[in-house]
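These figures come from a predicted structure and were not determined experimentally.
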Amino acid sequence: MAVVGALIYGAGLLMARIAEGPAMLVLGLGVTIGLAMSCTGSTIAMSLASRVVSPAARSFTMGAMSAAGSMGLLFASPLAQQMLARGGFELALASFAAVTALMLPMAWLAGRADRVPKDNANLANQSIGEALGEAGRHRGYLVMASAYFVCGLQLVFLTTHLPTYIAICGMPSSVAAATLVLIGVFNAIGSLTFGWLGGRYSRRYLLGGIYVLRSLIITVYFTSIPTPTTTMLFGALMGSLWLGVVPLVNGLVIQLFGIRYMATLVGVAFMSHQLGSFVGAFGGGLIYASLGSYEWAWRGAVIVGLLAGIAQMRMNIVPSPRLKGTEPAPLRA
């Protein structure tokens, strides 16, 4: 699957490179690359890695992979800027298509994880439909997926509208750029940290704590007079809480349902995250266009964040009865 995804990814970039109109561009960058990402995203990588490490090492391993993805973004941004400056849009796309070639041998080697048994024998005959039905009836999973909606809303609201807010406050664009870089750097640190913590402490409390802390930090920043220093501090603090949710959500899915359909169930929950991302980006812009201020946008992000955090801390973490005797005992609630 990952090998096919890498090929589709490169094809999408090349389609955009030779596009002569908006339809071809949307087909390449939107449809084709969107399809490729579903085959090569962090959920697939974490599912593969979870099969080849011990249960005790799973959470930290997933945190490390999330951190690696963040560092990859830090590499990609300056590369894109250099290619755009030297040869324009076409050279940048061709360069990234070449970079995707590195994914092929890595995906091929990672595919060996498919040879590792996904679960014990008594779980092997469950169909994907049965797995989805089981998750849809689990209140804890539904709470976690709903909280993931809020995660996407908060993060994409900030990445989309924070640069505009910084400009409105009279600060130079370099402050926005530095803040986004700090988010990326501290995201790597936070992902590693929460991956490690998720292997030792209650994942539901850690997840809920992330949502609550984000909301409190957003409140402090938007209710104070922003300066370049406080804005970059805000970026560092938010970055440390950015994608630390990923190893925790993946770990909870394994705890509740096992490894076999982990990628599928996390992917379904991630659809909720992406819907929240749309609401955060579009809703924030709509509120600003209507009211001329981001006040009610950030207030809304804070309110739903606090509600999601509390609900997440109270989620049901009782594993499926199928897992009795097949997985290590869950961490304390």
Discussion item. Classify the ring geometry of Y221 against F234: parallel below 30°, tilted from 30° to 60°, perpendicular beyond 60°.
Written reply: parallel
Worksheet item: Are side-chain heavy atoms of T229 and L233 found at a separation under 4.5 Å?
Response: no
Discussion item. With a 4.5 Å cut-off on side-chain heavy-atom distances among I, L, V, M, F, W and Y, is there a chain of contacts connecting L192 to L206?
Written reply: yes
Worksheet entry | Cluster overlap L197 with L252, hydrophobic side-chain contacts below 4.5 Å | yes
Worksheet item: What's the spacing between F157 CZ and I287 CD1 if we round to 0.5 Å?
Response: 7.5 Å
Item to complete: Measure the shortest side-chain to side-chain distance between T223 and W298 over non-hydrogen atoms and say whether it is less than 4.5 angstrom.
Response: yes
Fill in: hydrophobic_cluster_shared for F270 and L265, side chain cutoff 4.5 Å
yes
Worksheet entry | Side chain S293, main chain E295, donor-acceptor under 3.5 Å | yes
Fill in: side chain to side chain donor-acceptor pair (under 3.5 Å) between R260 and Q126, intermediate numbers included
CA-CA 9 Å; R260 181 173 175 81; Q126 187 188 34; 5.7 Å; no
Response to the item:
For S127 and Y261 the tightest heavy-atom approach is C-OH, 3.4 Å
Item to complete: Write down the atom of S59, the atom of G199, and the distance for their closest heavy-atom approach.
Response: OG-N, 3.3 Å
Practice prompt. Say whether V279 and V268 are linked into one hydrophobic cluster, either directly or through other cluster members, by side-chain heavy-atom distances under 4.5 angstrom.
Written response: no
Worksheet item: Looking at CE of M24 and CG of L27, how far apart are the two atoms once the value is rounded to the nearest 0.5 Å?
Response: 6.5 Å
Discussion item. Does M271 have more than 12 heavy atoms from other residues, nucleotides or ligands lying within 6.0 Å of its CE?
Written reply: no
Practice prompt. Give a yes or no on whether the backbone of G198 and the side-chain of R203 come within a donor-acceptor separation of less than 3.5 Å.
Written response: yes
Response to the item:
Rounded to the nearest 0.5 angstrom, the CE-CZ distance for M315 and R139 is 13.0 Å
Worksheet entry | L91 CG to F96 CZ distance, which is reported to the nearest 0.5 Å | 10.5 Å
Practice prompt. For residues M313 and V212, determine if any side-chain heavy atom of one lies less than 4.5 Å from a side-chain heavy atom of the other.
Written response: yes
Discussion item. Quick check: closest heavy atoms across M232 and A178, and the distance to 0.1 Å?
Written reply: SD-CB, 3.7 Å
Fill in: Nearest heavy atoms of A297 and G284, plus distance in Å
CB-CA, 4.3 Å
Response to the item:
Minimal heavy-atom distance between A188 and A67, with the atoms involved, is O-CB, 3.4 Å
Item to complete: Please examine the side chains of T179 and L182, heavy atoms only from C-beta on, and report whether any two atoms are closer than 4.5 Å.
Response: no
Worksheet item: Could you give the distance from CD1 (I33) to CG (L13), rounded to the nearest 0.5 Å?
Response: 4.0 Å
Discussion item. Side chains of L207 and Y211, heavy atoms from C-beta outward: is any pair under 4.5 Å?
Written reply: yes
Practice prompt. Taking the side chain as every heavy atom from C-beta outward, state whether L256 and V318 have any pair of such atoms under 4.5 Å apart.
Written response: no
Worksheet entry | Derivation of the side chain to side chain contact (heavy atoms under 4.5 Å, CB included) call for W242 and L158 | CA-CA 11 Å; W242 205 257; L158 289 175; 4.2 Å; yes
Worksheet entry | Closest approach of N187 to G244 (non-hydrogen atoms, all atoms of both residues) | OD1-N, 4.5 Å
Worksheet item: When rounded to the nearest 0.5 angstrom, what is the spacing between CZ in F257 and OG in S320?
Response: 7.0 Å
Worksheet item: Would you say R214 and V245 make side-chain contact, with heavy atoms under 4.5 Å?
Response: yes
Worksheet item: Does CZ in F186 sit with more than 12 non-hydrogen atoms of other residues, nucleotides or ligands closer than 6.0 Å?
Response: no
Item to complete: Look at the rings of H161 and Y294 and say which category their plane angle falls in: under 30° parallel, 30 to 60° tilted, over 60° perpendicular.
Response: tilted
Worksheet item: Under 6.0 Å between the ring centres of Y165 and Y288?
Response: no
Item to complete: Could you walk me through whether M144 and V253 pass side chain to side chain contact (heavy atoms under 4.5 Å, CB included), step by step?
Response: CA-CA 9 Å; M144 184 177 66; V253 168; 3.6 Å; yes
Practice prompt. Kindly indicate, with the supporting measurements, whether the criterion side chain to side chain contact (heavy atoms under 4.5 Å, CB included) is fulfilled by F194 and L241.
Written response: CA-CA 9 Å; F194 282 104; L241 303 171; 3.9 Å; yes
Worksheet item: Under the side chain to side chain donor-acceptor pair (under 3.5 Å) criterion, do S215 and Q154 qualify, and how do the steps go?
Response: CA-CA 9 Å; S215 300; Q154 288 183 329; 3.2 Å; yes
Practice prompt. Report whether I310 and F149 are members of the same hydrophobic cluster (ILVMFWY, side-chain heavy atoms less than 4.5 Å apart, transitive linking).
Written response: no
Item to complete: Step by step, work out the side chain to side chain contact (heavy atoms under 4.5 Å, CB included) result for I259 and R58.
Response: CA-CA 11 Å; I259 293 179; R58 281 176 187 160; 2.9 Å; yes
